[in-house]
Amino acid sequence: MASAETLAPEPEKVVETTPAPPTEPETVVEAPPPEEEKVAAPPPEVKTPGDAPPIDYFALAEVVLRFLLFASALVAVVVMVTSKQTKNPLPAAKFNHSPAFIYFVAALSVAGLYSIITTLLSFYALLKPGCCPKVLSHFVIFDVLLLGIVAAATGTAGAVAYIGLKGNSHVGWRKICNVYDDFCKHVGASVFVSLFASIVLAFLVLLSVYALSKKIPK
């Protein structure tokens with residue numbers, strides 16, 4: 001019998017393995033942070049003409065009327081005072097020869113002084129509403145009194161001027177305007193301007209009464 005041969009162990013087969021290609025690291029794409037909401041700044045306030053306080057048209061009309069009263073009273077006094085005419089050999093004609101014309105000049109002088117003071121106060125009240133309501137509320141009382149004074153002076157001077165223009169045959173008063181024509185023209189113009197001042201005062205009284213009635217609570 002053949003001798004038992006010792007079988008040598010077969011050499012292990014080395015299996016060559018190809019290394020796997022290196023894997024690239026995964027790139028994590030980070031999501032962009034949410035954008036913060038931008039709060040828009042409020043637009044700057046633009047003052048429009050509508051934001052201005054409303055105009056008090058009653059106060060504005062009062063200022064205009066009081067200025068007209070001052071202007072008319074001043075013109076009436078100046079025209080009356082300058083009414084002087086000389087006719088040789090006749091005596092000169094002057095306004096101070098008649099008590100009615102003297103009263104006329106005094107009354108219109110008071111009206112002019114009163115009107116310039118109230119015009120300034122009314123204009124100040126127009127610029128600053130509500131500054132002096134108690135003072136302005138008393139204007140209507142003085143307006144009524146002044147209206148009576150100016151109306152009386154205008155009527156008296158007008159009556160004397162009419163007698164000078166037409167005369168009065170019943171009592172033997174002769175007309176003088178055919179002689180002192182310039183004097184009569186000054187007197188007539190002054191009386192006409194004073195009549196305009198009386199009308200302005202009447203409108204002021206009505207305006208003041210209406211303005212006061214609106215302030216009365218209903």
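Fair warning: this is a prediction, and the values are worked out from it, not measured in the lab.
Rounding to the nearest 0.5 Å gives a distance of 7.0 Å between CG of Leu69 and OG1 of Thr119. Ile199 contributes atom CD1, which lies 12.5 Å from atom CG of Leu204 (distance to the nearest 0.5 angstrom). Distance check, rounded to the nearest 0.5 Å: OG of Ser122 to CG of Leu60 gives 11.0 Å. The OG atom of Ser109 lies 9.5 Å from the CZ atom of Phe104; values are rounded to the nearest 0.5 Å. A distance of 9.5 Å separates CG of Leu120 from OG of Ser115, quoted to the nearest 0.5 Å. Between atom CZ of residue Phe70 and atom CG of residue Leu113 there is a gap of 9.5 Å, rounded to the nearest 0.5 Å.
Here side chain to side chain donor-acceptor pair (under 3.5 Å) pairs that include residues 73-82, with residues two or more places apart or in two chains, number zero. Note on residues 75-110: no pairs pass disulfide bond (SG atoms under 2.5 Å apart), not counting sequence neighbours. A salt bridge (charged side-chain N to carboxylate O under 4.0 Å, His left out) check over residues 74-92, counting only residues at least two apart or in different chains, returns nothing. Applying the salt bridge (charged side-chain N to carboxylate O under 4.0 Å, His left out) rule to pairs touching residues 138-162 yields Arg66-Asp143, sequence neighbours excluded. Applying the side chain to side chain donor-acceptor pair (under 3.5 Å) test to pairs two or more places apart or on separate chains, none has a residue in residues 92-107.
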Indicate every side-chain donor-acceptor pair of residues 174-187 with a distance under 3.5 Å to a residue at least two apart or in another chain.
| from | atom 1 | to | atom 2 | distance (Å) |
| --- | --- | --- | --- | --- |
| Tyr180 | OH | Pro91 | O | 2.5 |
| Asp181 | OD1 | Gln85 | NE2 | 3.0 |
| His186 | ND1 | Asp182 | O | 3.0 |

In residues 145-166, what donor-acceptor pairs under 3.5 Å come from side-chain atoms, sequence neighbours left out?
| from | atom 1 | to | atom 2 | distance (Å) |
| --- | --- | --- | --- | --- |
| Thr154 | OG1 | Val150 | O | 2.8 |
| Thr154 | OG1 | Ser194 | OG | 2.4 |
| Thr156 | OG1 | Ala152 | O | 2.8 |

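With a 4.5 Å cut-off on side-chain heavy atoms, Ser190 and Phe101 do not count as touching.
Looking at residues two or more places apart in sequence or on another chain, you find a side-chain contact (heavy atoms from CB on, under 4.5 Å) between Val193 and Ser72, Val75, Ala76. When the side-chain contact (heavy atoms from CB on, under 4.5 Å) test is applied to Phe142, the partners found at least two apart in sequence or on another chain are Tyr114, His138. Considering only residues two or more places apart in sequence or on other chains, Val209 meets the side-chain contact (heavy atoms from CB on, under 4.5 Å) condition with Val140, Val205. For Val81, the side-chain contact (heavy atoms from CB on, under 4.5 Å) criterion is met by Val77, Phe95, Val105, not counting sequence neighbours.
Val110 and Ile117 fall within the same hydrophobic cluster, where Ile, Leu, Val, Met, Phe, Trp and Tyr residues are linked whenever their side-chain heavy atoms come under 4.5 Å apart, directly or through other members.
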